[in-house]
Protein chains: 2
Amino acid sequence: MKDVASAAGVALKTVSRVVNGEPGVHPATAERVREAIDRLGYSRNESARVLRAGRTSTVGLVIEDLADPFYSVLGRAVEDVVIGAGCLLLSASSSEDPARERELVRTFCARRVDGLIMVPAGHDHSYLRQELEAGTPAVFADRPPGPGLDVDTVLCDNAGGAVLVTRHLLAHGHRRIAFLGDDPSIFTAARRLHGYRSAMGHLYDERLVAMRTPTPGSVRADLERMLSLDRPPTALFTGNGRLTVTALRALEGRPLALAGFDDFELADLLTPGVTVVAQDPAGMGRIAAELLFRRLSGEDDPPRHVTLPVRLIPRGSGELPP
Amino acid sequence: MKDVASAAGVALKTVSRVVNGEPGVHPATAERVREAIDRLGYSRNESARVLRAGRTSTVGLVIEDLADPFYSVLGRAVEDVVIGAGCLLLSASSSEDPARERELVRTFCARRVDGLIMVPAGHDHSYLRQELEAGTPAVFADRPPGPGLDVDTVLCDNAGGAVLVTRHLLAHGHRRIAFLGDDPSIFTAARRLHGYRSAMGHLYDERLVAMRTPTPGSVRADLERMLSLDRPPTALFTGNGRLTVTALRALEGRPLALAGFDDFELADLLTPGVTVVAQDPAGMGRIAAELLFRRLSGEDDPPRHVTLPVRLIPRGSGELPP
DNA sequence: GGTGAGGCGGACAACGTTGTCACCCGGGTT
DNA sequence: AACCCGGGTGACAACGTTGTCCGCCTCACC
């Protein structure tokens, strides 16, 4: 900027005024400055601007895995809102590791992001309190913050969706309905199990439940175990998109009614089509980002808790008879 | 930092030394400073550090769409390398819009990212020359830069993959093979068409080719037109993952041999399984990021051009007889 | 011709950090 | 006693920008 100023034969501040479109500059002077800017290929150094202004116009996004379709769609929705607000998005994957999550948040805060959007991996977010008090708002998406911390949160109706699926299978005559879920320490997994269990009522049988971090091997083993019971399940409820797909592979076409949490591409093209209860990851991302920007524009209401509805999409696999 | 200094009763510079682990600070003093840091919850302001140092330890990623499985996997691989190098990743989607791409690059450069990784949307990247000369290296992935610009580039073997698919279909007895591709102004689409055409040789028939930005409607229309020809195609080659899926929906189970460019999740679970030629998006992202960091560590060789191999995965749909 | 207003331009400080250099002080050497 | 040495510490400038404030010039009006 100094160079531009001397090239145009004006003072530093005048260049700054032109760059920022401030009034009080003679059109001819402004033109001369712009010409010098073009000639020298000058572009404002945002770091310095940030240092002065105190705001970075940057939002940090911590998700579980950028490559997961659910989270990448969520991330894209966040990005659209963030870019629309004239900010940029720093994104990083926690890989479901609380330590990495914390480290990423620390890094983001050292960079003075204006706000954070998080899909938390851990259950202890007390380390965030300091940042929040320092004025960096955070919004949680998909999963709530750990105990003792209350901030804006966007969740889907996990329990309600699980009830919906379970009742749907019950309505089609199933009584032995297995549930395959993720590690119950994950909030969504626990809520979905809860919904399943309450909808099953006295039909609940813990031998038909498997909850752990899924791998192709573990899913296969769990299914084998259940299917070789005296009274094997006639239907299967899978607790998230990845599990549904893994289970489909493990079943290898064995006829078992199936319904899953989370929609996924091509669910409609399989035979039979896979019945799911669908979330709206894009909506979740968008709303989380909007909540964040509301805070950034000074809103000071108590934390909001948004629960997004889910939608049952029957496609055939969940309507198979027992 | 000023507050920490006065709280610990030392000079600013001493705190800076402690924070940066520089030698020459008395252990007792350092301890006092660290105690003050913890007490005040201080964390270094990276913006100021950046302003001083000139490097932001930030990499900008411009891709077509963060929500697209291909690009989100690529993005995740980039992220892993970037984080591993102690940097952060700014990501943004161009939505296949050259103007937006340019604007994003401009914004990233104003923020003084250390380097750029791009999946370009446009064909004119002369605007990058200035940034390159200013010392911001760029690496292109999936598609090369426009004419007149030569930088590190990672592509897959588009033409070779298309030849592979076409020959595979020919080997299974097909002579009338249709090609459904994206807008030929997109590099990958053009290269794949080229591969298809050269493999078809004298069997090439332009009535069996449709190249345009795909929508469900356009794909349906193109297929209808081809299938109602006097001598309709007996096989279909779809030019990218999205097109393959769209075509599968449009075909609604009509028996037509099908093979596509790009692998996609569940391709193996459809009936029949979908034969594809698979790229390695994660490898592409990783290599692009590694090339970038090689530049950042001072390498000054001529631009490298990496072509990644592709792999044919027969799953059934491409082995159907005419 | 003097005067006040307003348009325009510039000098300077400050944002928070780090590199440079100088200082202080105790202990060992000449 | 004069000197040097070096570990520990601090003052200061600089990075590039913008907010504040001041001053100049012009023009209209008395």
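Since the model is a prediction, treat every value here as computed from it, not as a measurement. Residue numbers start from 1 in every chain, and the chains themselves are labelled A, B, ... in the order their sequence lines are given, proteins ahead of strands.
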Looking only at the side chains, is there a donor atom on one of [X] and [Y] sitting less than 3.5 Å from an acceptor on the other?
{"X": "Arg112(A)", "Y": "Ser43(B)", "result": "yes"}
{"X": "Asp124(B)", "Y": "Ser126(B)", "result": "yes"}
{"X": "Thr14(A)", "Y": "Arg32(A)", "result": "no"}
{"X": "Arg111(B)", "Y": "Ser57(A)", "result": "no"}
{"X": "Asp183(B)", "Y": "Ser185(B)", "result": "yes"}

Give the rounded distance in Å between these two atoms: [atom1] of [X] and [atom2] of [N].
{"X": "Leu51(B)", "N": "dT17(D)", "atom1": "CG", "atom2": "P", "value": "9 Å"}
{"X": "Met1(A)", "N": "dG10(C)", "atom1": "CE", "atom2": "C1'", "value": "14 Å"}
{"X": "Arg49(B)", "N": "dG19(C)", "atom1": "CZ", "atom2": "P", "value": "8 Å"}
{"X": "Leu12(A)", "N": "dG9(C)", "atom1": "CG", "atom2": "C1'", "value": "12 Å"}
{"X": "Arg44(A)", "N": "dC15(C)", "atom1": "CZ", "atom2": "P", "value": "20 Å"}
{"X": "Asp3(B)", "N": "dC15(C)", "atom1": "CG", "atom2": "C1'", "value": "13 Å"}
{"X": "Asn45(A)", "N": "dC15(D)", "atom1": "CG", "atom2": "P", "value": "12 Å"}
{"X": "Glu31(B)", "N": "dT9(D)", "atom1": "CD", "atom2": "P", "value": "13 Å"}

Using a cut-off of 4.0 Å on non-hydrogen atoms, how would the nucleic acid contact of Val50(A) be classed: base, sugar-phosphate, or nothing?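 It contacts nothing in the nucleic acid.
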
Exactly one of Thr56(B), Thr58(B), Thr136(B) should register a side-chain hydrogen bond (donor to acceptor under 3.5 Å, both in side chains) with Asp114(B). Which one does?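 Going through the options one by one, the only one that passes is Thr56(B).
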
If you compare every side-chain N and O of Thr14(B) against the phosphate oxygens of dG10(D) (OP1, OP2), does one of them come in below 4.0 Å?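 For Thr14(B), the contact criterion (side-chain N or O under 4.0 Å from OP1 or OP2 of dG10(D)) is met.
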
Quick check on dG16(C): is either OP1 or OP2 less than 4.0 Å from any side-chain nitrogen or oxygen of Arg112(A)?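 Checking dG16(C) against Arg112(A), no side-chain N or O comes under 4.0 Å of OP1 or OP2.
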
If you draw a 6.0 Å radius around CZ in Arg102(A), do more than 12 non-hydrogen atoms from other residues or ligands fall strictly inside?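 Atom CZ in Arg102(A) is not packed in, count stays at 12 or less.
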
Can a donor-acceptor pair under 3.5 Å be found between the side-chain atoms of Arg52(B) and the base atoms of dT18(C)?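 Such a pair exists between side chain and base.
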
Does Lys2(A) contact dG16(D) through a side-chain donor or acceptor facing the base, at a distance under 3.5 Å?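 Donor-acceptor pair under 3.5 Å: no.
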
Of all of residues 16-29 of chain B, which get a heavy atom below 4.0 angstrom from DNA chain C, listed by number?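 The answer is Ser16(B), Asn20(B), Glu22(B).
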
Residue mapping more 5' on DNA chain D - nearest nucleotide basis, Lys13(A) or Arg32(B):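 The residue closer to the strand's 5' end, by nearest nucleotide, is Arg32(B).
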
